[in-house]
Amino acid sequence: MIGVIHVLAKRELVRFFRQPHRVVGSLAQPLIFWVLLGSGFGASFRAPTMTDVSYMEYFYPGILMMLMLFSSIFSTITLIEDRNQGLLQEVLVAPVPRIAIVLGKVSGAMSVAMLQCLVLLAAAPFLGFQPGFLGGLLLLLGLILSSLGFTALGFLIAWRMESTAGYHAVMSIFLMPMWLLSGAIFPLENLPTWLWSVMIINPATHALKLVRMPLYEEPMTLLSDSTFLVSLGVALFWAIACLWLAMKRVERADCGAPLTQGVE
Amino acid sequence: MIVVENVSHRYPGNRKTPGRTALRSVDLSLESGSFFMLTGPNGGGKSTLFKILCGIQRPSEGRIFIDGQDALASPDTIRRSIGVVFQHPALDKHLTVHENLAIHAGLYGIPKTELDARIKDSLSWTGLEERLDETVESLSGGLARQVELVKVLLHRPKILLMDEPSTGLDPGSRRAFRKTVNQIRLDMGITVLMTSHIFSEAEHADRVAIIKDGKLLANDHPDTLRASIGSEMVIISTDDMDAVEQTLAHHTEISVQRHTDHLRITGGNVVHILEDVLEKHRSRIRQLAIKRPTLEDVYVRITGRTLQETEENAQLEKTS
């Protein structure tokens with residue numbers, strides 16, 4: 001089973017590097033976002049709670065999270081064509097456990113997302129972030145865990161989709177609000193209660209905390225900080241739940257309906 | 001040996017589309033090592049039966065046995081013994097030929113040390129030796145099909161299932177592909193089941209089955225099928241179909257099928273029919289032909305539609 005996961009994950013990576021425009025595009029987009037939005041908002045927008053943080057700095061974890069989120073979710077778009085007229089057809093008739101199909105795709109996509117995040121993480125020291133080795137490790141763990149959950153979510157939704165256009169439409173309904181309401185662009189403070197409740201159940205909010213907190217706090221304090229631990233727990237639960245549902249989805253072969261159903 | 005026992009399938013409906021019964025109590029059996037061709041109009045149940053045999057769809061009712069094993073109860077054992085060629089190539093076109101083959105090997109647990117030997121073994125009949133490191137994208141349709149065939153044979157399946165495998169191939173590649181498949185079947189002793197619209201592909205078939213509206217309408221050796229409509233048949237195109245049809249109605253021993261632009265007549269004494277039609281309608285006849293029935297004629301006789309009509313029908317269904 002490990003062999004199968006490895007084969008499928010490797011395929012994702014090879015495909016990624018074989019399409020240079022994808023490599024460039026996926027890295028340029030968040031950088032452009034960060035620089036333009038960061039400097040634009042930074043000039044005119046300053047929350048009362050953000051006295052000692054520049055907006056560029058505040059926005060940095062949000063951009064990191066966005067890169068992870070978008071890369072994770074949109075990597076599953078290939079499932080749609082792959083399933084009906086691509087390699088996935090053969091994976092489905094192969095004697096492999098169905099969970100290996102999910103894990104292969106998800107871990108491959110997660111690796112691609114992590115490579116992109118690492119490039120952006122290289123900018124961290126220039127902003128004055130010094131998370132240290134252990135802190136960096138915690139940050140990476142948070143990113144990996146969140147990425148697994150979001151890729152599995154994308155998998156779940158893409159599986160039954162007929163067209164990539166439909167997938168784009170559905171995902172933009174989910175994705176943009178999820179990112180906007182995560183605290184990536186504005187802090188989670190002094191908000192109306194309804195908005196605050198939406199933000200607090202949003203998995204992206206917790207993913208963002210997992211990214212932001214290791215940049216500011218010592219690793220040891222983090223591990224005894226209940227906010228961090230709760231976010232870690234939510235991310236873990238989210239990842240396992242989405243992976244499990246995705247597996248169930250694949251496992252359920254298209255079953256025939258009872259012959260009498262709906263017959264007049 | 002493959003046994004399909006009383007298989008029925010109904011697609012569940014949803015809000016937009018009502019449910020649809022695609023297979024109705026289909027029984028089939030395929031001898032090991034035989035070549036079986038499944039044909040019929042689109043939407044007739046061909047693809048559904050194919051998907052069920054591949055194990056990517058579970059029938060509403062019925063059972064399938066492959067070499068005595070219940071295919072629906074133990075799908076993994078069955079998956080190991082089948083090789084599937086899909087209508088749309090199941091290859092990653094961004095990857096090289098070798099990379100695609102390696103993925104297949106990985107999925108079927110073929111050790112890396114054995115992979116290259118197996119690839120080498122199976123390349124002899126292909127034009128791929130020099131192109132293992134090229135991406136699939138850069139290959140012609142015919143070569144890509146060869147990759148696919150090499151790929152599904154890597155794990156030495158006992159049964160080869162192919163869904164319209166010659167789609168998109170030019171006649172030359174199609175012939176080459178057909179020849180190769182038959183050679184492989186004889187060499188390796190594997191059972192081949194293929195769906196197709198192209199009747200010339202049935203030349204090596206041991207059995208041809210026609211499926212329409214979810215029912216198996218015919219299932220026999222091509223010669224037997226051809227013989228079933230006699231040794232000769234008549235095709236008449238005319239400006240006045242009604243008049244000619246009326247004349248023909250006097251011949252009770254024949255059967256007449258009316259199509260968009262011609263009448264097809266089987267049975268009876270050909271000379272008598274011709275004399276009668278020519279005597280009464282000579283000026284209205286555009287074309288008149290006597291021919292030995294082909295498999296395509298058997299198909300038209302059984303399904304009531306010519307291939308062209310079948311296709312037009314499919315187009316209509318797509319647009320509506």
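Letters A, B, ... mirror the listed sequences (proteins, then strands); counts begin at 1. Both backbone and side-chain heavy atoms feed into the values below; hydrogens, waters and symmetry mates do not.
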> How long is the gap from CE on A:Met247 to SG on A:Cys242, to the nearest 0.5 Å?
Replying inline: 13.0 Å
> In terms of heavy-atom proximity below 4.5 Å to chain A, should B:Pro18 be classed as side chain, backbone, both, or neither?
Replying inline: neither
> To the nearest 0.5 Å, how far apart are CG in A:Leu87 and CG in B:Leu95?
Replying inline: 7.5 Å
> Can you tell me how far the CG atom of B:Leu38 sits from the CZ atom of B:Phe36, to the nearest 0.5 Å?
Replying inline: 6.0 Å
>> Let's test your reading of the structure: which of A:His6, A:Lys10, A:Arg98 forms the most heavy-atom pairs below 4.5 Å with chain B?
In response: A:Arg98
>> For B:Glu61, which atoms come within 4.5 Å of any heavy atom of chain A: side chain, backbone, both, or neither?
In response: side chain
> Have A:Thr78 and A:Lys105 got a donor and an acceptor in their side chains that come within less than 3.5 Å?
Replying inline: yes
> B:Ile103 versus chain A, heavy atoms under 4.5 Å apart: side chain, backbone, both or neither?
Replying inline: both
>> Looking only at side-chain N and O atoms, does B:Thr21 offer a donor or acceptor that is under 3.5 Å from a partner on B:Tyr11?
In response: no
> In terms of heavy-atom proximity below 4.5 Å to chain A, should B:Thr96 be classed as side chain, backbone, both, or neither?
Replying inline: both
> Does a donor on one side chain sit under 3.5 Å from an acceptor on the other, for B:His88 and B:Asp163?
Replying inline: no
>> Which one wins on heavy-atom pair count under 4.5 Å against chain B: A:Leu8, A:Val93, A:Val4, A:Val91?
In response: A:Val93
> In terms of heavy-atom pairs under 4.5 Å with chain A, which of B:Ala105, B:Pro59, B:Cys54, B:Pro89 leads?
Replying inline: B:Pro89
> Is chain A contacted by the side chain of B:Lys93, its backbone, both, or neither, given a heavy-atom distance below 4.5 Å?
Replying inline: neither
> So which part of B:Glu99 gets closer than 4.5 Å to some heavy atom of chain A, the side chain, the backbone, both or neither?
Replying inline: side chain
> Taking atom types as modelled and ignoring hydrogens, do the side chains of B:Ser32 and B:Thr191 form a donor-acceptor contact shorter than 3.5 angstrom?
Replying inline: no
>> Report which part of B:His155 has an atom under 4.5 Å of a heavy atom belonging to chain A: side chain, backbone, both, or neither.
In response: neither
